[in-house]
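Inspection log for the structure reproduced underneath, given as structure tokens.
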Number of protein chains: 2
Amino acid sequence: MTPVTRDVETRVLDAAKLCTAKWGIAKVTIDDIAGEAGVSRATLYRMFPGGKDVMFDALRVRELEDFFTRVGTHVDGHDDLESLLIRIVGVATRELRDDQHLSLMLASEPGDTLSQLTVEGLPRIMRVATVFLVPMVDHYLPRRESVQLVELLARLVISYFLAPSEHVDFADADSAREFLRTFVLPAFHASLTRS
Amino acid sequence: MTPVTRDVETRVLDAAKLCTAKWGIAKVTIDDIAGEAGVSRATLYRMFPGGKDVMFDALRVRELEDFFTRVGTHVDGHDDLESLLIRIVGVATRELRDDQHLSLMLASEPGDTLSQLTVEGLPRIMRVATVFLVPMVDHYLPRRESVQLVELLARLVISYFLAPSEHVDFADADSAREFLRTFVLPAFHASLTRS
DNA sequence: AGACACTAAGACGCTTTGCGTCTCAGTGTC
DNA sequence: GACACTGAGACGCAAAGCGTCTTAGTGTCT
């Protein structure tokens, strides 16, 4: 894909995001998105062979990459695993809470949005989370355990975001520390390569 | 139609208004409206034989009646034609400007909305305006001239609302008075039955 | 209990819209 | 000229939407 086409793809995905926010997944059409992006439908299908579903998957991947990029930007410079994890769950939780597009989607299309955060979307979330977070975590743990830990954290952050708890708030460092010390870190203590 | 059914019709028209604001005329479906109103599609068709178009016409008539009722509420107690007309054009212009649903429709569906304020909608607007305003105007003018005057005013108010002028502002009493004295009242001076 | 009015749910047949694919003419770059 | 890319529009098919209708259920009245 040439640089020019990369720009067009960005424009199309931006348009897809905008139109989905406006119309929702159910009513948005390829025509809406093509028009908003300023490309023809044929161009859109050339770009995303397989059509609508493929394009939405690409948008979801891009959104995830943006999300984890933002998380990664805020979790540099930690000296130990615990601090790193506290920071990760905190930033991730705050990013989820601040995501207006996500809030809008959860309000207007709860079914599909929940599915993308749970059942259907989890494999993708795991793939992207692994790419972004494992390289940080594996300073402290072997690769295999790092992957497992990232998966566990992703699931917990999503769950506590979707159904907030009266007892745990990952956005609060003390609460997160207590939770991690109780439920997560002991399982990985024996695998620590560095503190 | 029974009182209970009148309530249901109101509910359906309210739903139609809400869903049209949300989806626009192009994408809104009978299913959306029926669901929002809490009735079945069959009930909706029974209520509005001829379907979607008939229902939207009914909504437009209701909106016009509401509009002119509000105008009428604010123009009582005038001793002469000029004052009455100044008040009418002023209130009407302000009501149009304050109408958020109309603003939303003009922004999101300019084509259809304009058409309903001009070409396609004008006969209906004239009918309703005549019903509401002519009884006020014909204190001062014979019936025939009253009807003609109301039509002229309606057209002028709409035009100046849709394409505001640098020289005339009907919401401003002095501006309206000057305009009416210059362009409207002389045409009806000879027909005055009362001052 | 029976008569009647009204309703929701769902089926039906038809029309319209949307989808994915494709062709062709036009444009820009080398 | 060769090539890559694009928009516009046509095509065939699927899906959604429309208007109509039937049936079973509910409520009210006598």
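Naming: A, B, ... by sequence-line order, numbering from 1 per chain.
- Under the 30°/60° scheme for interplanar angles, the aromatic rings of Phe179(A) and Tyr160(A) are found to stand perpendicular.
- OP1 and OP2 of dT21(C) both lie 4.0 Å or more from every side-chain N or O belonging to Tyr45(A).
- Toward the 5' end of DNA chain C, the nearer of the two residues Lys27(A) and Pro49(A), judged by each one's closest nucleotide, is Lys27(A).
- What separates CD of Glu9(B) from C1' of dT7(C) is a distance of 16 Å, to the nearest Å.
- Of the candidates dC19(C), dG9(D), dA9(C), dC19(C) carries the atom nearest the Ile30(A) side chain, counting heavy atoms from C-beta on.
- With hydrogens and angles ignored, the 3.5 Å screen pairs a side-chain donor or acceptor of Ser146(A) with a backbone N or O of Leu141(A).
- One can find a donor-acceptor pair under 3.5 Å joining the base of dT23(C) and the side-chain atoms of Arg46(A).
- Met47(A) has its CE atom 10 Å from the C1' atom of dC5(D), to the nearest Å.
- Look at CZ on Phe56(A): it is 13 Å from C1' on dG18(C), rounded to the nearest Å.
- dT6(D) atom P lies 12 Å from atom CG of Asp7(A), rounded to whole Å.
- As a whole-Å value, the separation of Arg41(A) CZ from dT17(C) P is 13 Å.
- Distance Met55(A) CE to dT21(C) P: 13 Å, rounded to the nearest Å.
- Both Ser40(A) and Gly51(B) lie near DNA chain D, and the one whose nearest nucleotide falls closer to the 5' end is Ser40(A).
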Side-chain atoms of residues 65-72 of chain B: list all donor-acceptor pairs with protein atoms under 3.5 Å, sequence neighbours left out, distances to 0.1 Å.
| from | atom 1 | to | atom 2 | distance (Å) |
| --- | --- | --- | --- | --- |
| Thr69(B) | OG1 | Glu65(B) | O | 2.6 |
| Arg70(B) | NE | Glu95(B) | OE1 | 2.5 |
| Arg70(B) | NH2 | Glu95(B) | OE1 | 3.3 |

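- A salt bridge links Arg177(A) and Asp174(A); the closest N-O separation between the charged side-chain nitrogens and carboxylate oxygens is under 4.0 Å.
- Taking atom CG on Asp31(A) and atom P on dA16(D), their separation rounds to 16 Å, with Å as the unit.
- Positionally, the nearest nucleotide of DNA chain C for Val39(B) lies more toward the 5' end than for the other of Thr29(A) and Val39(B).
- Out of dC18(D), dG10(C), dC22(C), the shortest distance to the side chain of Ala42(A) is found at dC22(C).
- One interatomic measurement links the two molecules: CD1 of Ile25(B) to C1' of dT17(C), which rounds to 17 Å at whole-angstrom precision.
- The existence of a salt bridge linking Asp169(B) and Arg97(B) is confirmed by a sub-4.0 Å separation between a basic side-chain nitrogen and an acidic carboxylate oxygen.
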